[in-house]
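The block underneath contains the structure these notes are about, expressed in structure tokens.
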Amino acid sequence: MIQKPSIPKGTRDFSPKQMIRRNYIFDSIRAVFQKYGYLPIDTPAMENLTTLMGKYGEEGDRLIFKILNSGDFLKKTETADLQSSDLNKLTTMICEKGLRYDLTVPFARYVVQNKNDITFPFKRYQIQPVWRADKPQKGRYREFYQCDVDVIGSNSLINEVELVLIIDEVFEKLGIETIIKISNRKILTGIAEIIGEPGKIIDITVAIDKLEKIGLEKVNEELAQKGLSEQAIEKLQPILNLKGILRVKFPKLQEILADSKIGMQGIEELMSVLIHLKELNLKNKWSFDLTLARGLDYYTGAIIEVVAKDMVMGSLCGGGRYDDLTGIFGLPDISGVGISFGADRIYDVLNELNLFPEDSSLTSKVMFVNFGKEEEKLCLKLIKEIRKAGISTELYPDHAKMKKQMKYADQKSIPNVVLIGEEEMKSEMYTLKNMITGEQQKVNLEELISILSKHN
RNA sequence: GUGGGUGUAGCUCAGUUGGUUAGAGUACUAGAUUGUGGUUCUAGGUGUCGCCGGUUCAACUCCGGUCAUCCACCCCA
């Protein structure tokens with residue numbers, strides 16, 4: 001029986017046209033990364049589960065694709081294990097590898113493993129796919145590419161500033177208008193401290209994040225549901241009600257956080273970054289956004305998120321500072337900061353807003369029509385010379401009807417066609433047809449090459 | 001994990017209160033045009049109507065289940 005082929009949920013094939021466009025995104029981003037002095041690395045698609053688990057929060061652990069051990073994967077299990085409902089325990093017995101969930105954790109692992117060969121601060125970029133067992137929907141895929149830049153082994157806030165410059169430059173280059181949102185986890189930590197609920201940072205940040213979406217009342221409800229005391233919620237109100245421009249917000253925040261050392265430090269760090277940005281005349285809009293609360297557990301300082309101005313789509317880029325990601329792997333006191341561009345979402349935005357450049361230059365410049373055996377032989381010789389001149393050239397491989405060959409050239413948007421039949425073979429003057437204007441002329445090889453090199 | 005929409009030709013979709021032979025556009029192939037594409041005209045369809053079951057004389061149509069897909073929530077790039 002013939003089965004209809006398909007691909008796993010949330011994955012996609014990419015056509016040549018799509019790949020050309022995807023490569024345009026990757027090339028643009030890579031060029032900017034290199035301009036800022038970052039160097040490339042690659043890491044394996046799969047990592048040991050011990051490397052991945054516990055780094056992304058409870059939700060993250062659930063979304064990691066686990067790989068079944070090869071061979072007799074049940075050999076470590078007892079019947080009781082299989083029947084028990086403790087899936088986590090069972091998972092550790094039958095899987096020891098997983099597909100990487102992001103590029104930051106594998107990078108931290110890489111740094112620890114190669115610490116002796118790395119000169120710090122280490123600036124690296126990495127463009128590779130990651131996998132998440134999420135339910136697919138708009139702008140959300142189970143396999144997607146991240147383009148990461150991170151610098152590890154430097155506490156300087158200049159790194160944060162430079163990352164924002166990279167963001168600004170990438171999106172300017174791609175022609176997407178964005179809003180770069182910036183905050184600092186320490187401020188949120190400080191807030192949690194001040195209201196007397198230091199253990200509830202995550203719940204508080206998630207709730208604050210929803211402020212715009214669901215409103216103050218619902219946020220308060222949710223906080224109560226998460227077990228925050230009435231007093232704590234009361235204390236939080238002035239913070240949730242903070243409005244206005246930076247000059248107004250900051251003094252108020254400073255007032256509220258005066259007793260929190262970490263909170264004050266967060267404000268100071270943030271200010272330092274923002275003051276730099278103000279001097280640097282960014283093309284994209286940027287702002288301090290307290291409601292910005294990135295979910296990943298490991299962020300400790302700056303938090304950055306970028307959204308498109310003209311389209312509703314999740315974040316196109318996100319990141320922040322992580323003070324101790326390498327500590328878990330045995331290399332403490334090394335701070336890193338980095339961001340990640342979501343290439344697939346950027347693709348969707350460029351596509352939707354019609355911002356992809358014309359990509360005509362990527363098909364062959366000229367196609368030779370195939371008239372038969374003798375003609376083929378001559379064509380191959382001529383084509384060799386033309387390719388030597390750096391011109392993409394193809395010969396139609398089959399001795400098909402002229403109409404079919406012309407149609408092929410037309411559909412591939414090949415701008416020139418050369419016809420060599422009996423007559424042309426004799427005279428060594430070849431018929432060159434311009435497919436855009438429809439004009440034809442007789443030329444020799446030299447003229448042919450010179451004409452084709454012109455319309456580059 | 002929770003909720004909703006949609007599954008009919010390669011693609012985009014029509015298809016009447018259930019009724020006999022399942023439709024359009026587009027794409028594709030051939031011809032008009034034996035060495036000339038994009039326009040035009042003509043001809044060309046073996047579609048498990050997503051799958052399984054139920055109701056009915058009769059189901060693409062109604063009901064139940066299931067799978068796929070899209071959207072929203074959650075979370076994220």
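This is a predicted model, so every value here is computed, not measured. Note: hydrogens, waters and symmetry copies are ignored here, and every other heavy atom, side chains too, is used. Chain naming here is simple, since letters A, B, ... match the order of the sequence lines and numbering starts at 1 in each.
- A/Arg345 approaches A/Leu316 most closely through the heavy-atom pair CB-CD2, 3.8 Å.
- Under the Watson-Crick and G-U wobble criteria, each requiring two contacts below 3.5 Å, nucleotide B/U12 is paired to B/A24.
- Pairing for B/A58 is absent, with no Watson-Crick or G-U wobble pair whose two atom distances lie under 3.5 Å.
- Separating the CZ atom in A/Arg21 from the NZ atom in A/Lys17 is a distance of 4.5 Å, to the nearest 0.5 Å.
- A distance of about 33 Å separates the C1' atoms of B/G31 and B/U48, rounded to the whole Å.
- A salt bridge links A/Asp134 with A/Arg140: the closest approach of a Lys/Arg side-chain nitrogen to an acidic carboxylate oxygen falls below 4.0 angstrom.
- Taking atom P in both B/C62 and B/C49, one finds a spacing of 16 Å when rounded to whole Å.
- We find that NZ of A/Lys135 is positioned 18 Å from P of B/C76, with the value rounded to whole Å.
- Residues forming a ring-ring contact (aromatic ring centres under 6.0 Å, His included) with A/Phe33 (at least two apart in sequence, or on another chain): A/Tyr125, A/Phe341.
- Side-chain contact of A/Tyr408 with A/Lys404: a donor-acceptor pair under 3.5 Å is absent, judged by distance alone.
- For the pair A/Arg321 and A/Tyr299, the cation does not sit on the ring face, since its NZ or CZ is not both under 6.0 Å from the ring centre and inside 45° of the axis.
- The pair A/Glu394-A/Lys412 counts as a salt bridge, with a side-chain nitrogen and a carboxylate oxygen less than 4.0 angstrom apart.
- A straight line from CG of A/Asp134 to P of B/A72 spans 13 Å, rounded to a whole angstrom.
- Applying the Watson-Crick and G-U wobble criteria (two distances, each under 3.5 Å), B/U40 pairs with B/A32.
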TODO: Can you check each nucleotide of nucleotides 28-40 of chain B against protein heavy atoms at under 4.0 Å and return B for base, S for sugar-phosphate only, - for none, in 5' to 3' order?
DONE: SSSS---BBBB--
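- The nearest heavy atom of RNA chain B to A/Tyr141 and to A/Pro136 marks one nucleotide each, and the one closer to the 5' end goes with A/Pro136.
- Looking at A/Arg345, its side chain comes within 3.5 Å of the base of B/C76 through a donor and an acceptor atom.
- Per the geometry, CG belonging to A/Asp13 stands 14 Å off P belonging to B/C11, to the nearest Å.
- Here the separation of B/G47 from B/U21, taken at their P atoms, is 15 Å to the nearest Å.
- Geometrically, A/Arg132 engages A/Tyr101 in a cation-pi contact defined by less than 6.0 Å to the ring centre and at most 45° from the axis.
- The nucleotide B/G7 finds its pairing partner in B/C67, both defining distances of the Watson-Crick or G-U wobble pair being shorter than 3.5 Å.
- Using atom C1' as the reference point in both B/U12 and B/U16, the two lie 22 Å apart (nearest Å).
- Rounded to whole Å, the C1' atom of B/G45 lies 33 Å from the corresponding atom of B/G54.
- One C1' atom belongs to B/G15, the other to B/U8, and the distance between them is 9 Å to the nearest Å.
- Take the nearest nucleotide of RNA chain B for A/Lys138 and for A/Tyr145: the residue whose nucleotide is more 5' is A/Lys138.
- B/A14 and B/G25: their P atoms are spaced 16 Å apart (whole Å).
- The C1' atoms of B/C63 and B/U2 are separated by 25 Å, rounded to the nearest whole Å.
- Atom CD of A/Glu59 and atom P of B/C76 are 8 Å apart (whole Å).
- For A/Met313 and B/C70, the CE to P distance is 13 Å, given to the nearest whole Å.
- The phosphate of B/A72 has OP1 or OP2 within less than 4.0 Å of a side-chain N or O from A/Gln137.
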